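Source: prediction; values computed, not measured. Read the numbers this way: they start at 1 and go in the same order the structure lists the ligands and their atoms. For this chain, numbers begin at 1 and follow the sequence in order.
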Amino acid sequence: MDRKKPWAEPYKIKMVEPVKMTSWQERKQFLKEAGYNTFLLRSKDVYIDLLTDSGTSAMSDRQWAGIMMGDEAYAGSENFYHMEEAIQKFYGYKYVIPTHQGRGAEHLISQIMIPEGDFIPGNMYFTTTRLHQELAGGTFVDVIVDEAHDSESEIRFKGNIDLQKLQDLIDRVGADRIPYVCMATTVNMAGGQPISLKNLREVRELTQKYQIPIVHDMTRVAENAFMIQQFEEGYQEYSCAEIVKMICDLTDSATMSSKKDALVSIGGFMATNDPVIFEEARNLVVVYEGLHTYGGMAGRDMEALAIGITESVSDDHIRARVGQVHYFGQRLKEAGIPIVEPIGTHGVFLDAKKFLPHLTQDQFPAQALAAAIYLESGVRTMERGVVSAGRNKETGKHNYPRLELVRLTIPRRVYTQAHMDVIAESVEYVYANRDAVRGLEMTYEPKYLRFFQARFEPCPFVGEKTRMKKKRLNWRSRMLA
Ligand code: P61
């Protein structure tokens, strides 16, 4: 992958959706109206949408055919059983509870498993996952390897758990106050970094000693399996589907946002091998999501998911999916753009601290960079830095993550290589003119998951560093002025 091995899409295009380029003046206005937050832009004003790979995949003709086979019965929909069979077959979990999307599953598992005051170790936080843990009264503890917080460290399995950190937590708070270890396959906030099977086995060994179960955030498990197949010694002869199964077999329960790996627009599920947890979830799901045979999903969506799961673990599919992300990342790397390395699986992450060294983290560099990229090119990206990290639940102060990133997330089966080239050129242009990008200040901050709806305004030019930059303002007068 790193050597740009050739890859091609294992499909041909049957239907297209036009995209529209806007003018710079229009985008300036749209950005202002959106409070410099790319989540608040209207999608019709976006040229290439790299906000997320969540729910944005192109479905196959088979999935669309499945949509027509929707059994919209309130109870016992045939499509539920197809979905359940696919989950049992490819992921191996015994019991399945459908939810409207990933956070619905996170809500259920957190409410069921976390007693007030407990600690939940995990391989880096994810926004919704941590919030549900906190709302249930728990405290998230980051036990990912240190290298995950360093955008330059090129170790291959940066999503791994540091066993010593996990052991230290067990020693400090006691195993009975750790309801489970949360282990994500490909760690989103670290730049889409995989875990190794070796590490998962070691975590399994340690947690079994203390009878602590593992809850698997399997949102992008097939992408992780592909990285194991490519880079972990001993797995080259296994199919992606086999590796996915090996990963799941080493865990006890799972939460899944089907909107990513599994190639559907909406849906998720909770799965478990524990009959007691299943019983509780089957009861709780009717309160928050819907009956246990639809959990907030339409019958047609469950059918598309059953088919999507099958397609998602195919070697041809996953090679092209990750191949495209790596092609794009490699282009940026060769242009000298500071990105998180190694290149992850669902997108390329820009290191905003290095991209915009003239901004302090209080000026929200990743937010400012995402706004600047949209303004310049119509490409929509996402902040993954101090805004996303939110506030410390005890002190109320900003969490300042070491990683201050802009995520360029690649939807599956949607854009072409030519799109990747155009985006790379746009980022290169912004990089060449990076001095012009001004910081932002937050003018509105919602209580929960603030990054979704927060609003910003460009900072006035203050401070030594920024004043110096002001002199060189020509392109800058166009940027966020
Ligand atoms: C994303 F800005 N991810 O990456 P739900 N676990 C993991 C996810 O990646 C994930 C969920 C659980 C999104 C959507 C999103 O801060 C944000 O189906 C590893 O979205 O409920 C979702 O799954 C939750 C974007 C979510 C965000 C939260 O774009």
Under 4.0 Å between a side-chain nitrogen and a carboxylate oxygen: does that hold for R204 and D249?
no
Are R27 and Y47 in a cation-pi contact, defined as NZ or CZ under 6.0 Å from the six-membered ring centre and within 45° of the axis?
no
Tell me which part of R407 gets within contact of ligand 1: side chain, backbone, both or neither, using heavy atoms under 4.0 Å.
side chain
Do E9 and R413 sit within salt-bridge range, that is, some charged N less than 4.0 Å from a carboxylate O?
no
Salt-bridge present (R407, E383; N to O < 4.0 Å):
no
Against heavy atoms of T127, which atoms of ligand 1 measure under 4.0 Å?
16 (O), 17 (C), 28 (C)
Pairing of R220 and D53 as salt bridge, 4.0 angstrom limit:
yes
Are R177 and F119 in a cation-pi contact, defined as NZ or CZ under 6.0 Å from the six-membered ring centre and within 45° of the axis?
no
Contacts of Q101 meeting side chain to side chain contact (heavy atoms under 4.5 Å, CB included) (sequence neighbours excluded), chain-then-number -> R103, K259, I266
Salt-bridged, D49 to R380, with N to O below 4.0 Å?
yes
Please say whether F126 places an N or O atom under 3.5 Å from an N or O atom belonging to ligand 1.
no
With a cut-off of 4.0 Å, which atoms of ligand 1 are near a heavy atom of T52?
1 (C), 29 (O)
Using heavy-atom distances, let me know which of C182, S257, S258, G55 sits nearest atom 18 (O) of ligand 1.
S257
Within-cut-off N or O pair, S54 and ligand 1, under 3.5 Å:
no
Which ligand 1 atoms, with their elements, are less than 4.0 angstrom from a heavy-atom of F39?
2 (F)
Minimum non-hydrogen distance to atom 7 (C) of ligand 1, winning option of D217, L51, L131
D217
Ligand-residue contact atoms, ligand 1 with G102, heavy atoms, under 4.0 Å:
5 (P), 18 (O), 21 (O), 23 (O)
Does R384 approach ligand 1 within less than 4.0 angstrom via side chain, backbone, both or neither, non-hydrogen atoms only?
side chain
Shortest protein heavy-atom distance from atom 24 (C) of ligand 1, along with the residue and atom involved
T128 OG1, 3.5 Å
Quick one: does ligand 1 sit under 4.0 Å from the side chain of H346, the backbone, both or neither, non-hydrogen atoms only?
neither
Heavy-atom pairs closer than 4.0 Å: do any link ligand 1 to the side chain of R103, the backbone, both, or neither?
both
Taking 4.0 angstrom as the limit, do D146 and K165 come out as a salt bridge?
yes
Please could you name the atoms of ligand 1 that K259 approaches to less than 4.0 Å, counting only its heavy atoms?
18 (O)
